[in-house]
Amino acid sequence: MLAMNYRGPFRIRADRDRPFPEIEHPEDAIVKVIRSCICGSDLHLYHGLVPDTRVGSTFGHEFIGEIVDVGSQVTEVKVGDKVMVPFNIACGKCAFCKQEMYGMCHEANPQSTAAGGIFGYSHTTGGYHGGQAEYVRVPYANVGPTVIPDWMDPDDAVLLTDVVPTGYQAAEMGGIQEGDTVVVFGAGPIGIMAAKSAWLFGAGRVIVIDKLDYRLEFVKNFAQCEVYNFTALEDPVVFIKKITDSLGADVCIDAVGAEAAGDTMNTMLGRKLLMQGGSTTALHWAINSVKKGGIVSIVGVYGPIDALVPIGNVVNKGITIRAGQCSVKRLLPKMIEHVKSGNIKPKEMITHRIPLEEVAEGYHIFSKKLDNCIKTVLIPPTA
């Protein structure tokens, strides 16, 4: 079958000779992919920043498709169902799943104490192949796959597997109160959705910081927020303090993670020399820009090794930090309702639809931020 094949940093190809997935457990399903996405966090793999990303891996944790085979113990979905598959691989039975912390499932990735199972995201998250392929094996098919409503556009559905709920959870973890000022660092798809979701929680002011003018223009229109290019600011932290009566924002959201720009030392240590789990520039700005007693919400991805964090400022300012991979399954019913009501229109973020055969070019465009790319959807020939 046709699938994306990782050959090393900055080297991927569309491989037509990948083996078809098979049922390996009675609770497995095989899904024929209809849509998959290239995510900003896939770029961390592409750029060689995530440990134990092995040659031969197939990426892709955002996908929807049609069920074509099921194991003997699958009862919640059937062959022919069109489903959205959360990026979390979750058993539904462990201590964490019982708390609806599906992103922390222990059974899906039992050798790790710091990550659950994720499709197509290195062996640090279980070593599962992802959905940038014609077919994919989906474990725990009684838990994750959710039938797509008949009225829902596939382009909306595929963004409900990660981008929409992750951005929503970023705002949710911020504990936003009526009238709060919320600052989002990063105008990629997750930051865009976090900004949009902040209004749903009652924010009185939403500000987005990024360095790319075309992304700032997009989020300004999509989320009706204030935008600032940090390259035009002498110091983003001082600037945010000045525009918030010297107090700081009520909530800051780090939607950037390991590849943040803006600080030479962090860039060198985290992105060039790989001596820490990524560049923590956006996290520094979030911690230092939030008010005393404020909340910092982190959904940007960092590696599992140490990173430079101003923990003294966290303590002395009395900041609450909340972080975590999104528990997609928990939020899906609410996200479906927001799409149905028109509060969220996910497919408007899609700027590029690319055949799976051209996946390498898709990664190049997204990585280099060419052609005003916001979100890329891959379409397999079998779709």
Side-chain angles (χ1 to χ4, degrees), residues 2-15 18 33 36-63 85-89 103 108-109 111-112 114-133 136-137 158 161-163 166 186 188-191 254-261 267 270-280 282 298-305 307 325-326 328 352 354 356 358-370 373 375-378:
L2 177 68
M4 173 269 190
N5 188 344
Y6 175 73
R7 308 309 300 167
F10 296 94
R11 295 177 60 212
I12 61 173
R13 68 187 184 206
D15 189 338
R18 302 288 281 174
V33 178
S36 62
C37 296
I38 301 175
C39 180
S41 55
D42 286 331
L43 296 183
H44 304 330
L45 301 169
Y46 179 63
H47 295 156
L49 298 178
V50 178
D52 209 6
T53 302
R54 302 183 188 180
V55 168
S57 297
T58 295
F59 299 167
H61 55 270
E62 302 173 273
F63 62 92
V85 182
F87 77 86
N88 322 113
I89 301 174
N109 193 18
Q111 294 183 328
S112 172
I118 298 176
F119 287 100
Y121 212 78
S122 86
H123 277 66
T124 63
T125 61
Y128 299 90
H129 285 305
Q132 292 171 8
V136 61
R137 168 181 167 252
V158 72
T161 63
D162 180 2
V163 169
T166 295
I190 300 297
D254 174 3
V256 183
E259 298 194 66
T267 298
R271 295 171 60 186
K272 304 298 184 183
L273 301 177
L274 306 183
M275 294 177 66
Q276 59 175 6
S279 168
T280 57
I298 308 171
V299 289
V301 175
Y302 292 93
I305 59 175
Q325 296 287 354
C326 179
V328 176
H352 292 68
I354 294 176
L356 180 61
E358 300 173 18
V359 62
E361 180 65 11
Y363 269 84
H364 175 68
I365 291 170
F366 193 31
S367 173
K368 295 297 184 182
K369 307 297 185 290
L370 304 177
C373 183
K375 188 65 177 177
T376 300
V377 168
L378 301 171

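Sequence positions, counted from 1, serve as the residue numbers for this chain.
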Side chains of R137 and H129 in contact at under 4.5 Å (non-hydrogen atoms): no

Residue pair G270 / Q276: nearest heavy atoms and the distance that separates them: CA-CG, 3.7 Å

Given 3.5 Å as the limit, does a donor-acceptor pair link the side chain of T161 with the main chain of F87, or not? no

Would you call S122 and L45 a side-chain contact if the rule is heavy atoms closer than 4.5 Å? yes

Residues at least two apart in sequence or cross-chain that pass side-chain contact (heavy atoms from CB on, under 4.5 Å) with S367, listed by chain then number, are L43, Y46, H47

Distance, nearest 0.5 Å, that separates CG of N88 from CD1 of I118: 7.0 Å

Among V301, T124, D42, side chain to side chain contact (heavy atoms under 4.5 Å, CB included) partner for V50: T124

From CE (M4) to CG (D15), nearest 0.5 Å: 11.0 Å

Check for me whether K369 meets the cation-pi criterion with F366, that is, NZ or CZ under 6.0 Å from the six-membered ring centre and within 45 degrees of the ring axis. yes

Are the side chains of Y302 and D254 in touch, meaning some heavy atoms are under 4.5 Å apart? yes

Non-hydrogen atoms of T280 and A307 that approach each other most closely: CG2-CB, 3.6 Å

Is there side-chain contact between Q132 and C37, with heavy atoms separated by less than 4.5 Å? no

Tell me if a side-chain donor or acceptor on N5 pairs with a main-chain N or O of R18 at a distance below 3.5 Å. no

Validation row: V163, I190 side chains within 4.5 angstrom (heavy atoms): yes

Rounded distance [0.5 Å steps], SG in C373 versus NE2 in H352: 4.5 Å

Assess the pair F63 and F119: is the distance between their ring centroids shorter than 6.0 Å? yes

Distance, nearest 0.5 Å, that separates CD of E361 from CD1 of I354: 7.0 Å

Within the structure provided, determine whether T53 and F59 are in side-chain contact (heavy-atom separation under 4.5 Å). yes

Closest heavy-atom pair and its distance - K375, P189: CD-CG, 3.9 Å

Heavy atoms of G131 and S36 approach each other most closely as O-CB, 3.3 Å

Report yes if the side chains of I38 and L378 come closer than 4.5 Å at any heavy-atom pair, otherwise no. yes

Ignoring hydrogens, what is the shortest heavy-atom contact between A282 and A260? Give both atom names and the distance. N-CB, 3.7 Å

More than 12 heavy atoms of other residues, nucleotides or ligands under 6.0 Å from CZ of R11: yes or no? no

Give a yes or no answer on whether the side chain of D52 reaches the backbone of H123 with a donor-acceptor pair at less than 3.5 Å. no

Are the side chain of N109 and the backbone of G117 linked by a donor-acceptor contact shorter than 3.5 Å? no

If you take all heavy atoms of T267 and S279, which pair is closest and at what distance? N-OG, 3.9 Å

Counting C-beta onward and ignoring hydrogens, is there a side-chain heavy-atom pair between H61 and S41 closer than 4.5 Å? yes

